[in-house]
Amino acid sequence: MKVVEKSSKDRALSLVPFVVSVLYVPILVSHLPSPKPPPTLHFKFWHWYVIIVVVRRTKMRNTCQNKTVSGWSICRNVCVAVSLLLPCCIAFSYAEPVDQDKQAAGVAETREEPIMRWWGRPTRKVFTPPEGTHPTMYVRATFAPDHPLPGTIAFSTEAIDSYFPGTYTWLIDSDSVSPAKTYWKNRKTPRKPLAPGSSTPWLDITQALHYGYLEVMMVEARDTSGHNQLPEEQTPAFRLDFSRDGSTVIGSISNGGGRIACGMVSLAKGTVENDVQLTEADLRRARAAGQTPARKPRHFPIELWNAVSPTTMSPQAFTNELEVFRILGANDTGRETSEILDPEHQYEPTHLFRNPRGDFLACGPRGQLGCLCSPNYANITNALLQLKKECAGPLSRGKKLIVCIMDEPHYDLTMLTNCHSKVKNCRERFGRDFVFDPADPEGMLATIAYRDQMVVDYYKAVSDAARAIDTNLLITADFGISLVFGGNLSAPGTSVFRLADSQAIGIGQTEDWCNLQFTRQFSSYMCDVYRAATERNGMDFTMNSILLSPPEVVAKAYSEVGHGVKALSFFHYGPHWFRGDNKNRCAEIYPAIRGFCEATAVAEDWIVGAKVTQGDAALLFSESGDRLEIIPGKKRNWIERNPYGKDRMSISLLLNHCGVRTDILDETGIEKRLADYRVLFATDRCVRRETAHAIANWIKHGGILVKTANALTGDELGKPLPEGMFNKSEQIWEIDFSPWRDYVKPAKQVGECYSHRNFPQAPLEKTREIIKRSSIHRRIFTDCPLVESSLLEKADGYLAVLANWSANERRTVQVTLTGLRQVKHVQSACGAKVTWKQAKDQLIAEVEIGWGDYLIIH
């Protein structure tokens, strides 16, 4: 190890930004208006987050360079971070002056209008009580007398106004209430759990509810450690009473013996609503969208993924939510959630999803499935047998049981050092220890390969056990989130390509969680990647559609059907009092979902069994390149921006706006699949040498390669490819802009819809010129770049799927389709009037669409 030494000159220079900032703050303040009362300096959560990131990056960089981290280097970087944040803190304090008139009148400021967006989510101003009026709230917890074990009660509140919306948990003991983190840290403090049949005194929870104007609540019973480890049969029934003055009960939340109870407490309004009252409000919103049940699909699954369950809700609340589903046209029956945790490996949360009525429902027994290097085969088999027993009826009728082993897993490379057996296995299989040094790419890639293989082996062990029990048990995992967050599918673990090729999963599954990007239109790219990985193995893939604004919800749903999903789940429908992001308090969501369900029911016979028509061009997806962008030693390093992955997904969107549909080609077997395409787009810096030679040979036979700067310059080890292999020529073109930096990133939001943006025209025009020059044959396109079009094909016709990302609820669009047989009739699934004409093999149709539509072409 080396010790980093700094000279006195270096140390002095490193303090320059801090000194400059300290001098700058008084100047800034002097030029700002003087609010009354004077502002206070608030460090927001994200300010501390930036400081923590700076410290961690310093440690990581020195670790990767085999250097000891000095205290001075950390101190210096913290000083720089603080110097940059101080002006921001001052500015924020002045940016939100207190409404003096309201304060003088004694009115609490509880503004509901959206004022900013973070991760694309509207936020609201923090609840600020006027001076002299401090609303209070008290709680009294009671355990059922027939329960044999003592325990605690946890209630979770969601920060709907913070920069990082999240869930905060507080624990109730027999005589106190405290944040869960504080409770867990104070290990030496004697625990005072609630005894069976006992009640707490009235406890003040104003602080818990006041922070960030929290009002969402989920309550659950826990063991004496404060963790959620109680078996279901040992979970007590409990009740929480709420009071404004510590004596008069204004409302209660209780469970019926299940683990969880749901309700909502508002400190500002002084109200308490139980699950029956909350579901009645949901039912009113649903009925406002339509009094009679919507026509729902019979075979194409559309679900409202939420926490509806007879074990966590009262019977009436459960009945109300099922009626909501019926009115909206979703063909599921609710969900339950449970998770299996290996206490020794907390980075491996494991979910089992079951499907008792042919839809996707979450449940599962508790147990330990083992870590990656040593699966517990007995427990895996027992867990699957238990699920088969619970779902015996549906499985006997041919229904599928989806078992999701992991939700958004992140197997960063540092986890390999946590298990001695992993170190031993790596040495036995590769003849060397783990390497986390970018200067040794061969060692790094061997380490990554070992990590990936462990993941595949673990999932395959579960798949093999499932197939031995019942062929209708399908194993899956959700690995897709890093596709758009970091542009890197390989960073958090192995990819869906490897899992599908190894038969380690039986169905693909991911979420269109694109919040950290500038538009949700990237969901089509996620679908294309998953379809590429699964269809060659005869698999289907499904999508969890995240609820956002109504235009985006519907546009995403149509887009995803057009790109080949075989089931849709509106992931965060709610209920809104259940912790987590959701939108079912938004009344406009209900008619949006209902309209999509009804249109899908009309077009269902054309969707089920249809195939996405071959793309107009191909887009290269290099896992070799992604691997070289992984930052060793960086936990959750998928957040690090992979510029080549960003360009890859951005050029997919750019071509989409030009009416060009792209098929994803990964490196496996690319030499055979390239023959089906005339044009290949490439953004990845590195590929396998055999892949590079296959592309070069394809070019010799007439293929056209369009690549971004620095693409296809290195092999899988980062070493340069043979000089001149991909130089500019008549068949090798290099675009002179970055699709990410010059097209997607500068796009400006228009109106309230996050995805409705004005994209720069220069890259769009240059791409259109490339399309024209390369004679790309477009099968379907529209006259509006923000109306996405895709094409499904069956033996008796086509289905044109339109997704309107322009946020205009009604607009007339012209759709052009080429290469069609003789058309007899064109029908809108939404019932809109369609005018069309056909000349030779080209069909031009004009239709007024909402946020999306299906055009059925007979």
Straight-line distance of D626 CG to F621 CZ, nearest 0.5 Å:
5.0 Å
Check step by step if side chain to side chain contact (heavy atoms under 4.5 Å, CB included) holds for L620 and I695.
CA-CA 10 Å; L620 179 64; I695 295 173; 4.1 Å; yes
Mutual orientation of the aromatic rings belonging to F596 and F570 [parallel < 30°, tilted 30-60°, perpendicular > 60°]:
perpendicular
With rounding to the nearest 0.5 Å, note down the distance linking CG in L665 to CG in D528.
11.0 Å
Are M454 and T494 side-chain neighbours, meaning at least one heavy-atom pair lies under 4.5 Å?
no
For the backbone of S652 and the side chain of N656, can you confirm whether one donor and one acceptor N or O come within less than 3.5 Å of each other?
no
Run the side chain to side chain contact (heavy atoms under 4.5 Å, CB included) test on I651 and Y525 for me, step by step, so that the C-alpha distance in whole Å, both residues' side-chain angles and the decisive distance to 0.1 Å come before the verdict.
CA-CA 10 Å; I651 202 169; Y525 167 73; over 6 Å; no
For the pair T782 (side chain) and V787 (backbone), establish whether a donor and an acceptor sit closer than 3.5 Å, ignoring hydrogens and angles.
yes
Using 30° and 60° as the class limits, which term best fits the ring planes of H858 and W606: parallel, tilted or perpendicular?
perpendicular
Exam field: side chain T476 to backbone I507, donor-acceptor pair closer than 3.5 Å:
yes
For S789 and L802, work out which heavy atoms get closest and say how close.
CB-CD2, 3.9 Å
Under a 4.0 Å threshold between the charged nitrogen and the carboxylate oxygen, would D464 count as salt-bridged to R467?
yes
With distance as the sole test, does R673 use its side chain to make a donor-acceptor pair with the main-chain N or O of D666 at under 3.5 Å?
yes
Closer than 3.5 angstrom, by distance alone: can the side chain of S463 be matched with the main-chain N or O of A504 as a donor-acceptor pair?
yes
Please determine whether a side-chain nitrogen of the Lys or Arg among D512 and R520 lies less than 4.0 Å from a carboxylate oxygen of the Asp or Glu.
no
Does a side-chain heavy-atom distance below 4.5 Å link T818 with R778?
no
Charged tip of R531 within 45° of F541 ring normal and under 6.0 Å:
no
I need the single residue from E560, E788, M649 that forms a side-chain contact (heavy atoms from CB on, under 4.5 Å) with S524. Which is it?
E788
Nearest heavy-atom pair of G797 and R821: which atoms, and what distance?
N-NH2, 3.9 Å
State, to 0.1 Å, how close A694 and L674 come at their nearest heavy-atom pair, and which atoms those are.
O-CD1, 4.2 Å
How long is the span from the CD atom in E793 to the CD1 atom in I857, to the nearest 0.5 Å?
10.5 Å
Is S622 reaching over with its side chain to a backbone N or O of G625, donor-acceptor style, under 3.5 angstrom?
yes
CD of Q509 to OG1 of T542, rounded to nearest 0.5 Å, is 4.5 Å
Could you go through the side chain to side chain contact (heavy atoms under 4.5 Å, CB included) check for Q827 and V834 one step at a time?
CA-CA 7 Å; Q827 170 191 355; V834 183; over 6 Å; no
Is the distance from the ring center of F518 to that of Y754 below 6.0 Å?
no
Identify the heavy atoms of F781 and G659 that sit nearest to each other, and give their distance.
CB-CA, 3.9 Å
Before giving the answer on side chain to side chain contact (heavy atoms under 4.5 Å, CB included), spell out for L791 and V801 the whole-Å C-alpha distance, their side-chain angles and the decisive distance to 0.1 Å.
CA-CA 6 Å; L791 192 62; V801 188; over 6 Å; no
Taking every heavy atom of A603 against every heavy atom of A829, the minimum-distance pair comes out as CB-CB, 4.2 Å
Rounded distance (nearest 0.5 Å) linking atom CG of L568 with atom CD1 of I607:
9.0 Å
For the side chain of D470 and the backbone of A466, is there at least one donor-acceptor N/O pair under 3.5 Å apart?
no
Counting distance only, does the side-chain N/O of K794 pair as donor-acceptor with the main-chain N or O of L799 below 3.5 Å?
no
So, are R661 and D616 salt-bridged, with charged N and O less than 4.0 Å apart?
yes
Going by atom types only, do E667 and S624 share a side-chain donor-acceptor pair under 3.5 Å?
yes
Value rounded to 0.5 Å, distance of CD1 in I776 from CZ in R678
9.0 Å
I'd like to know if the side chain of W698 reaches the main chain of Y677, judged simply by a donor and an acceptor atom lying under 3.5 Å from each other, with no hydrogens or angles considered.
yes
Quick check: does any side chain N or O of N488 sit under 3.5 Å from a backbone N or O of S490, one acting as donor and the other as acceptor?
yes
